[in-house]
Amino acid sequence: MVLPVAGGAAAEPITVAALGDSLTQGYGLPPEQGFVPQLQGWLRARGADVSILNAGVSGDTTAGGLSRIAWTLTPEVDAVIVALGGNDLLRGIAPEVSRANLDGILQATQNAGVPVLLIGLPAPGNYGPDYQKEFNGIYPALAQAYDTLYVEDFLAGLGENTPQALRSYMQADGIHPNAAGVAKIVETLGPEVEALLARVRP
């Protein structure tokens, strides 16, 4: 005989897939110090019943993310963080190509009825002002079109890219944050992810 549980069954944890590249994957760090485990720990410490899935692949471009989104959106995924574009910048991929790929990703999430936090990465000026302007315009335009939450810069939590900041919060390659840098990033992005969770369960 099974007795009913008072108050009904407890709600399942919210599952968030973090679709990204090496910044999401945790390149160069012990597994427990990467972005996903630090973010999950930050959220849980603040009372969120959440599980973050690491869907980051080092070296991935927006095209790679588009190729993976269909099987990333498993039935248990309640929300998605999309943080792609850094490797498009490193390779100088045409902004219209990156935009089309991100548009495809967001179309898939929309079709699945899954809320999104879209996180950009500002383009440097080395490809010229036209490229920089066009690339930087991708993220806010798509966020508006798909009504996603939006953060302009994944690395904003590190502050200005001064030599001291790079020494303190970046790995030796000057591209990837160290564990302390990830902690700073999580402190900045954490409230935005809390807003994403609120879209799953208002």
Straight-line distance of [X] [atom1] to [Y] [atom2], nearest 0.5 Å:
X      : Y      : atom1 : atom2 : answer
Arg99  : Leu106 : CZ    : CG    : 10.5 Å
Ile105 : Asn101 : CD1   : CG    : 6.5 Å
Leu84  : Tyr139 : CG    : OH    : 7.0 Å
Leu142 : Asp147 : CG    : CG    : 13.0 Å

Which pairs pass salt bridge (charged side-chain N to carboxylate O under 4.0 Å, His left out) with one or both residues in [range], sequence neighbours excluded?
range            : answer
residues 172-191 : none
residues 113-138 : none
residues 60-83   : Asp60-Arg68

Which atom names give the shortest non-hydrogen contact between [X] and [Y], and what distance separates them?
X      : Y      : value
Gly190 : Leu43  : O-CD2, 4.0 Å
Gly157 : Thr188 : CA-OG1, 3.1 Å
Ile138 : Pro95  : CD1-O, 3.4 Å
Thr72  : Val77  : O-CG2, 3.4 Å

[X] versus [Y]: any side-chain heavy-atom pair under 4.5 Å?
X      : Y      : value
Leu158 : Ile185 : yes
Leu121 : Asp153 : yes
Val151 : Leu118 : no
Ser51  : Arg44  : yes

side-chain contact (heavy atoms from CB on, under 4.5 Å) partners of Ala198, counting only residues at least two apart
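By the side-chain contact (heavy atoms from CB on, under 4.5 Å) rule, Ala198 matches no residue at all.
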State which residues pass side-chain contact (heavy atoms from CB on, under 4.5 Å) with Ala180; sequence neighbours excluded, sorted by chain then number.
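Listed in chain order: Tyr169, Asn178.
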Please name all residues satisfying side chain to side chain donor-acceptor pair (under 3.5 Å) with Asn111, sequence neighbours left out, ordered by chain then number.
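Side chain to side chain donor-acceptor pair (under 3.5 Å) check on Asn111 returns Gln107.
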Selection residues 189-202 - residue pairs positive for side chain to side chain donor-acceptor pair (under 3.5 Å), sequence neighbours left out:
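The answer is Arg46-Glu194.
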Using the side chain to side chain donor-acceptor pair (under 3.5 Å) rule, collect all pairs that involve residues 79-90, keeping only residues at least two apart or in two chains.
Thr62-Asp88, Asp88-Ser98
Pairing residues for Tyr150 by the ring-ring contact (aromatic ring centres under 6.0 Å, His included) criterion, not counting sequence neighbours
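Partners of Tyr150 by the ring-ring contact (aromatic ring centres under 6.0 Å, His included) criterion come out as none, since no residue qualifies.
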Starting from [Y], can I reach [X] by hopping between I/L/V/M/F/W/Y residues whose side chains sit under 4.5 Å apart?
X      : Y      : result
Leu53  : Leu197 : no
Val186 : Ile81  : yes
Val50  : Leu39  : yes
Ile119 : Val116 : no
Leu149 : Val193 : yes

Give every donor-acceptor pair under 3.5 Å between a side-chain atom in residues 15-37 and any protein atom, sequence neighbours left out.
{"residue": "Asp21", "atom": "OD1", "partner": "Leu23", "partner atom": "N", "Å": "3.1"}
{"residue": "Ser22", "atom": "OG", "partner": "His176", "partner atom": "NE2", "Å": "2.8"}
{"residue": "Gln25", "atom": "OE1", "partner": "Tyr27", "partner atom": "N", "Å": "3.3"}

Other than Val97, what residues sit in its cluster of Ile, Leu, Val, Met, Phe, Trp and Tyr side chains whose heavy atoms are under 4.5 Å apart, directly or through others?
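Members alongside Val97: Ile93.
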Mind jotting down which residue pairs meet the ring-ring contact (aromatic ring centres under 6.0 Å, His included) criterion with at least one end in residues 78-132? Sequence neighbours excluded, please.
Tyr127-Tyr131
Can you check whether Ala179's main-chain N or O pairs, donor with acceptor, with Gln38's side chain at less than 3.5 Å?
yes
